[in-house]
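Have a look at the structure below, then the notes.
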Amino acid sequence: MQPYVLAISLALIALVAASFLLVVRTSGHIPGDHGARADIEKIRRGSFWILVALGIVVTFVSLRPYPHSTAAQVGDTVLNVTGSMWSWDIDKKVVLAGTPVVFRVTSSDVNHGFAIANAEGTILFQTQGMPGYINQVHYTFSKPGSYQVLCLEYCGLAHHTMQDEIKVVAE
Ligand code: CUA
């Protein structure tokens, strides 16, 4: 299945690129119409580069704080999580505050949305629980307390009951 999806995507990308090239080639100067047109061109070119610069800055600033997966380090606490209709199977439910935790999340049936929320109900992070895959999230709890485990992906009739709890204790 994946190779077909890739081939179709590449074909569509090539089509879009070809249309862009066609537009670039056929758009030229309209004779006897400088002045206002040149001004507009200047503004367009300027705003294009401002947007590019803004995009680069926003990308770098926003990428860093997210709990993207990296290799687990020695000393990290590893939690294995399996979602099934309609409960979470978590092999460890008490972790230390201030210690990096690696959540290894999968599913035994359909896709589930593994999420951790604090006592105020603010979601701290989430990842997909997918059959046949293990998604890793690294997170360090800063405060001790009870944290809610939720499912954020509709997975059937009792989806809303797919809740659990993780306790974070002081070091
Ligand atoms: Cu599992 Cu919704």
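Since this is a predicted model, take the numbers as computed values, not measurements. Starting from 1, each residue takes its place in the sequence as its number. Whatever order the structure lists ligands and atoms in, that order sets their numbers, starting from 1.
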So, at under 2.8 Å, which protein N, O or S atoms would a careful student list around atom 2 (Cu) of ligand 1?
Cys151 SG, Glu153 O, Cys155 SG, His159 ND1
Please list, chain by chain and in numerical order, all residues satisfying ring-ring contact (aromatic ring centres under 6.0 Å, His included) with His159, sequence neighbours excluded.
Tyr154
Which residues pass the ring-ring contact (aromatic ring centres under 6.0 Å, His included) test with Phe141, sequence neighbours left out?
Tyr139, Tyr147
Over 12 foreign heavy atoms within 6.0 Å of CG, Leu54
yes
Not counting sequence neighbours, which residues clear side chain to side chain contact (heavy atoms under 4.5 Å, CB included) with Thr122? List them please.
Asn118, Glu120
Go through it in stages, so that I can follow the logic: the residues are Gln128 and Asn111, the test is side chain to side chain donor-acceptor pair (under 3.5 Å), and I'd like the CA-CA distance, side-chain angles, deciding distance and then a yes or no.
CA-CA 7 Å; Gln128 285 278 305; Asn111 273 30; 2.9 Å; yes
Any donor-acceptor N/O pair, Trp88 side chain to Met162 backbone, under 3.5 Å:
yes
